[in-house]
Each structure stands twice: as structure tokens, then as C-alpha cells.
Amino acid sequence: KEKPVEKSQDEKPAEPKKKKSKKDKPEGKKKLPKWAVVLLCVIAALAIIAVFVVFVIYGGFRLWVCAELGDGAPDASAFLKDGGKASYVTKPDVSLEDEGSYVLTVKADGKERKVLLIVRDTKAPEAKSADPVITIDDEIGPMAAVKDVKDATKVTAKWKAQPNFGTAGVYKAAVELSDENGNSRTLNVKVTILGAADVVEYEAGTPHPKLEDFMVVEREDAKLVTDLNDITWDKLGDYEVKAEFDGKTFTSTLRIVDTT
């Protein structure tokens with residue numbers, strides 16, 4: 001009888017064969033979920049429709065035009081790409097004071113198309129410096145320092161650089177103008193503040209001016225520093241005249257002229 005073969009203690013038992021699972025199979029391309037396929041189809045359809053509308057139905061028409069608030073509706077030809085002749089089917093009722101969007105009907109080459117007019121306020125207020133001249137007893141608001149204000153909406157003003165009210169001098173100030181839609185502009189202005197008259201014109205041969213003629217404010221302690229008797233009254237030209245009040249000295253120009 002053959003003796004059974006004894007297994008060595010160092011010999012490892014054979015490992016059982018693993019069954020291949022579905023996970024061990026090489027992965028192929030993942031399929032898109034149905035909802036994604038549907039969404040892509042819808043997007044593609046909308047793109048085709050948009051191209052059809054823009055290039056076929058509207059052809060030479062513009063779908064929309066932007067206009068500045070206050071300008072009203074543009075000429076109907078603005079809605080044509082080639083700028084040809086066109087007209088509105090009905091008169092556009094476009095606000096000159098409020099932003100908005102309007103659906104209008106434009107007719108050109110026998111075709112009528114609905115178009116969109118978008119009205120927006122994109123321009124800052126326009127104005128000029130009023131170059132105001134005031135006295136040391138006066139104080140003005142920023143709107144009084146500007147003139148010829150133009151804008152489609154209500155404009156407000158505030159000082160960006162304010163003159164030193166109460167102190168004589170010529171000031172370079174700045175005013176910020178803002179409209180109701182947030183557009184703003186800073187305008188440089190000149191403000192002249194007088195303590196005494198800037199120029200006093202005297203006609204040769206007439207009675208000589210007095211202290212009151214050089215004053216632009218009322219002061220009980222005012223007095224002339226310049227002796228008017230030292231002026232050559234029959235000699236035409238400009239002379240410096242000084243007055244004193246409030247503990248300060250103010251200068252005026254006496255201009256002697258002969259217009260007769």
C-alpha cells in the first residue's frame with residue numbers, strides 16, 4: 001500500500017478562485033439620464049427657434065433698441081439694420097421722465113414687426129457755474145452756484161468743496177449734481193464773497209462818492225482808511241480805496257471814467 005503524501009507545514013493551501021463580479025468588468029461610457037437628454041433637446045429646439053426668429057421672421061429688423069431717457073422714441077428707422085425707411089403703426093407713447101420698456105410696432109417694406117424699445121437714464125446732469133457774487137453776510141446753497149441745469153429727472157445738489165462763507169475772497173468750490181436714477185457729476189464753480197464793493201465807478205465831474213458807496217454790508221463801526229482827498233479826481237483811472245470794519249480791512253477799486 002502507498003503511503004499518503006504528507007503536506008509540508010510551509011506549504012500554503014491553494015486559494016479558492018474568485019468569481020468575477022459585475023464590478024470587475026471594464027466600465028463603458030456612462031449614459032446620460034433621461035432628464036438631461038430631454039433638457040438638451042429643449043435647449044436645441046429653442047436655439048433653432050431663436051435663429052429662425054432672428055434671421056427669417058425679423059430679417060432686417062432689430063429686435064430691440066435702447067434710447068436715452070428724455071429723448072423720446074427714436075425714428076422708426078432705428079429698428080432697421082440697414083437704416084432704411086420705416087414708420088410706427090401707432091404713435092409711440094414713451095415717457096420723457098421715467099425709465100421703462102415699450103413694445104412698439106414698426107412697419108417697413110410692407111412688413112409689420114413687434115419691437116422692443118428700452119429707455120434708460122445713463123447721462124449725468126449738465127450745468128454751468130453761475131459764478132455767484134455774495135457778501136460776507138450771505139450764505140447760499142449749492143444749487144444757487146450753478147445755472148442752466150439739464151436732466152430728464154429732478155436734480156439735487158450738494159457741496160463737494162464749500163466756500164468759506166463769512167470771509168471775503170474768491171473761492172474755487174465744487175458742487176455734485178445727482179439725478180433720480182443715480183447719475184452724478186461734479187462741477188467746479190467760482191464763488192466771490194465781498195466785504196466791500198469790488199468796483200465803484202465814478203463819473204468825472206459828479207459829486208464824490210462816500211463811505212456808503214464802498215459798503216456792501218451795514219456796519220456801524222465802518223470807516224474809510226483811504227483819504228479820498230488824496231485822489232486826483234480829474235485824472236481817469238483806477239484807485240485803491242480801503243475801508244475798515246469788523247476789525248478787518250477791505251479793499252475796493254475806485255474807477256474814474258468820463259463817458260459824457
Say you draw a straight line from [atom1] of [X] to [atom2] of [Y]; how long is it, rounded to the nearest 0.5 Å?
X: F61; Y: E112; atom1: CZ; atom2: CD; result: 9.0 Å
X: F165; Y: I136; atom1: CZ; atom2: CD1; result: 13.5 Å
X: Y202; Y: L228; atom1: OH; atom2: CG; result: 11.0 Å
X: L80; Y: K111; atom1: CG; atom2: NZ; result: 10.5 Å
X: K85; Y: K107; atom1: NZ; atom2: NZ; result: 14.5 Å
X: T253; Y: E201; atom1: OG1; atom2: CD; result: 11.5 Å

Looking at [X] and [Y], what are the two nearest heavy atoms and their distance?
X: G195; Y: F250; answer: CA-CD2, 3.6 Å
X: D151; Y: K123; answer: OD1-O, 3.6 Å
X: V65; Y: R62; answer: CG2-CD, 4.1 Å
X: V149; Y: A127; answer: CG2-CB, 3.9 Å
X: S95; Y: D98; answer: OG-N, 3.0 Å
X: T153; Y: E180; answer: OG1-N, 3.2 Å

Q | Donor + acceptor pair across side chains of T232, D234 (<3.5 Å) | A |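 Not at all, the side chains of T232 and D234 share no donor-acceptor pair under 3.5 Å.
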Looking at [Y], is its backbone amide N or carbonyl O close enough to the side chain of [X] to form a donor-acceptor pair, meaning the two atoms are under 3.5 Å apart?
X: D246; Y: K248; value: no
X: S252; Y: A197; value: yes
X: R185; Y: L177; value: no
X: E126; Y: K150; value: no
X: D179; Y: A152; value: no

Q: Please lay out, stage by stage, how S77 and D75 fare under the test side chain to side chain donor-acceptor pair (under 3.5 Å).
A: CA-CA 5 Å; S77 60; D75 189 85; 2.6 Å; yes
Q: I would like to know whether K190 and V170 meet side chain to side chain contact (heavy atoms under 4.5 Å, CB included); could you show each step before the answer?
A: CA-CA 7 Å; K190 183 177 79 169; V170 179; 3.8 Å; yes
[atom1]/[X]: more than 12 non-hydrogen atoms of other groups inside 6.0 Å:
X: D109; atom1: CG; value: no
X: W159; atom1: CH2; value: yes
X: D221; atom1: CG; value: yes

State, yes or no, whether a side-chain contact exists between [X] and [Y] at a heavy-atom distance under 4.5 Å.
X: V257; Y: E203; answer: yes
X: V241; Y: V200; answer: no
X: K242; Y: L224; answer: no
X: L254; Y: T226; answer: no
X: P92; Y: L117; answer: no
X: I231; Y: I256; answer: yes

Same cluster for [X] and [Y] if Ile/Leu/Val/Met/Phe/Trp/Tyr side chains link at under 4.5 Å?
X: V155; Y: L69; value: no
X: V89; Y: V115; value: no
X: V133; Y: M143; value: yes
X: W64; Y: V103; value: yes
X: Y239; Y: V225; value: no

For [X], enumerate each residue passing the side-chain contact (heavy atoms from CB on, under 4.5 Å) test, keeping only those at least two apart in sequence or located in another chain.
X: N188; result: A174
X: S101; result: L116, I118, R120
X: K223; result: E244

Q) Taking it one step at a time, do V175 and K160 satisfy side chain to side chain contact (heavy atoms under 4.5 Å, CB included)? A) CA-CA 5 Å; V175 175; K160 292 288 285 186; over 6 Å; no
Q. Got a salt bridge between E176 and K158, using NZ or NE/NH1/NH2 to carboxylate O under 4.0 Å?
A.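 Here E176 pairs with K158 in a salt bridge, since their nearest N and O are under 4.0 Å apart.
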Q | R113/T105 under side chain to side chain contact (heavy atoms under 4.5 Å, CB included): CA gap, chis, key distance, verdict | A | CA-CA 6 Å; R113 295 291 183 268; T105 304; over 6 Å; no
